[in-house]
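Down below is the structure, laid out as structure tokens.
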Amino acid sequence: MQEQFEPLKNDLLLRAARGEKVERPPIWVMRQGELDPTSEAAIVHENPTNLTVFMQLFLAGRYLPEYHEAKANRDFFECCRSPEIASTLTLQPIDRYEGLIDAAIIFSDILVIPQAMGMVVEMVDKKGPHFPEPLKSPTDGQYEKVMAKTVDVKAELDYVYKAISLTRFKLKGRVPLIGFCGAPWTLLCYMVEGGGSKMFIQSKTWVYKYPTESQALLQKIAEICVEYLALQVAAGAQLVQVFDSWAGELSPASFASFSLPYLRHISANLPKRLKEMGLEPVPMTVFAKGAWYALDDLCESGYNVVGLDWLHDPAEAFRIANGRVTIQGNADPGMLYGGRPAITATVERMVEGFQKGKQGWICNLGHGVTPFVDPEHLKFFFEEIHRLTK
Ligand SMILES: Cc1c2[nH]c(c1CCC(=O)O)Cc1[nH]c(c(CCC(=O)O)c1C)Cc1[nH]c(c(CCC(=O)O)c1C)Cc1[nH]c(c(C)c1CCC(=O)O)C2
């Protein structure tokens, strides 16, 4: 499969992920930012005026006007299911920031796994994901149905593999393509909460009241993740990232029981599965948002790269990692609101903390681009990284 694509012209990300010395640190960012129903972005949407209609162009994940144009009024998951649209959206930041960023991430979502497991997931415009029938308890019928279903990971998610192959073809080797999935813990949260949450009442009920059933579900998701990522690699993904976006809701002890073993299951079994399929291993990244307490464990969890949010001090995190993994991150996305002086100051501190990024650092934000960010400020962020890591 891989032979059919043009050779990679920029392999900085892959070399840095493997811990090799590099000329400068690679850079990439994720489009999806924070958005919850009580955010300013959602409130603006509920009360539009002429000015706020204009401002909506800069909502989370939609900071690029060309995103709106290509998406038009299509449903979010419809875009994910169309390889043509998904590949177009994937390439947009690469075209806009040509020469400034070093990787593309496939346009998709972590919630395609719950869909493949038989759950209905809708993306409510400006509000986020919604499951009409979340898992209420181990005996509610839904849970049993989900657990009993054998998921055909190849057939159910075929549209993702097609989008990846088409994107690789369209990229013509300009930069590597990142594949991804949601971590078992984070997917469990969505499946039981029915959407985003602030209090995590259902998720906590599940882990504290039904630990065994929770672990059975986490194990099932982990197995699907392995197969799903292997098939993404077969289709052309050159690095894979596991997003544990809600890791920070757990205590260190419950992280050790309900998240880490399943993250480890993925890192231990993906290389084996790739080998069975006759494929070379690819670098693997884990991003456990909010789990600052687990950095040391994550450095030993079998991943090549550990993504950090902005709660970490760069120099301190680099010291803890101590060359065991490559660190990815971790600028506070909020600094992009501060304009040029704030961006320069953040980049300076980060570059210094990560020792100029000649080894062991992939430059990124500590999460995705947030609402109302000016694309020109993001560009300035990239330019400052280049200037200060020359
Ligand atoms: C938790 C999570 C989800 N999805 C994802 C995560 C993990 C990352 C994180 O911690 O945020 C991952 C994701 N989602 C998306 C990507 C593709 C890469 C990219 O866009 O750069 C990736 C890597 C597209 C998307 N996924 C979503 C958008 C916005 C869709 C739109 O309204 O147009 C995009 C571009 C929607 C989505 N999808 C999800 C939420 C909570 C939302 C609503 C929040 C928001 O609107 O920013 C679930």
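Read the numbers this way: they start at 1 and go in the same order the structure lists the ligands and their atoms.
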Is there a path from [X] to [Y] through hydrophobic residues (I, L, V, M, F, W, Y) whose side chains come within less than 4.5 Å of each other?
X: Leu171; Y: Trp28; result: yes
X: Ile224; Y: Leu263; result: yes
X: Leu12; Y: Met30; result: no

Side chains of Lys356 and Thr389, donor plus acceptor under 3.5 Å: no
Can Gln219 and Gln215 be counted as having a side-chain donor-acceptor contact under 3.5 angstrom? no
Which residues pass the salt bridge (Lys or Arg N to Asp or Glu O under 4.0 Å) test with Asp296, not counting sequence neighbours? Arg324
Derivation and outcome, ring-ring contact (aromatic ring centres under 6.0 Å, His included), residues Phe180 and Phe243: CA-CA 7 Å; Phe180 69 91; Phe243 285 94; 5.5 Å; yes
Going by heavy atoms, is [X] under 4.0 Å from ligand 1?
X: Phe287; value: no
X: Gly368; value: no
X: Trp246; value: no
X: Ser108; value: yes

Of all the atoms in ligand 1, which lie at a distance below 4.0 Å from a heavy atom belonging to [X]?
X: Ile105; result: 18 (C), 21 (O), 23 (C)
X: Phe76; result: 24 (C), 25 (C), 26 (N), 27 (C), 28 (C), 30 (C), 34 (C)
X: Lys71; result: 33 (O)
X: Phe107; result: 35 (C)
X: Met123; result: 36 (C), 37 (C), 38 (N)
X: Pro129; result: 39 (C), 40 (C), 41 (C), 42 (C), 43 (C)

Please name the residue in the list Phe200, Phe255, Trp185 that meets the ring pair (Phe, Tyr, Trp, His ring centres under 6.0 Å) test with Trp246. Phe200
Nitrogen or oxygen atoms of [X] and ligand 1 under 3.5 Å apart:
X: Lys289; value: no
X: His367; value: yes
X: Arg31; value: yes
X: Gln32; value: yes

Assess whether ring-ring contact (aromatic ring centres under 6.0 Å, His included) is satisfied between Phe381 and Tyr97, documenting all intermediate values. CA-CA 11 Å; Phe381 171 70; Tyr97 301 114; over 10 Å; no
Test Val306 against every option in Val286, Thr285, Ile320 by the side chain to side chain contact (heavy atoms under 4.5 Å, CB included) rule and name the one that passes. Val286
Quick one: look at Ile106 and ligand 1, take heavy-atom pairs under 4.0 Å, and tell me if it's side chain, backbone, both or neither. backbone
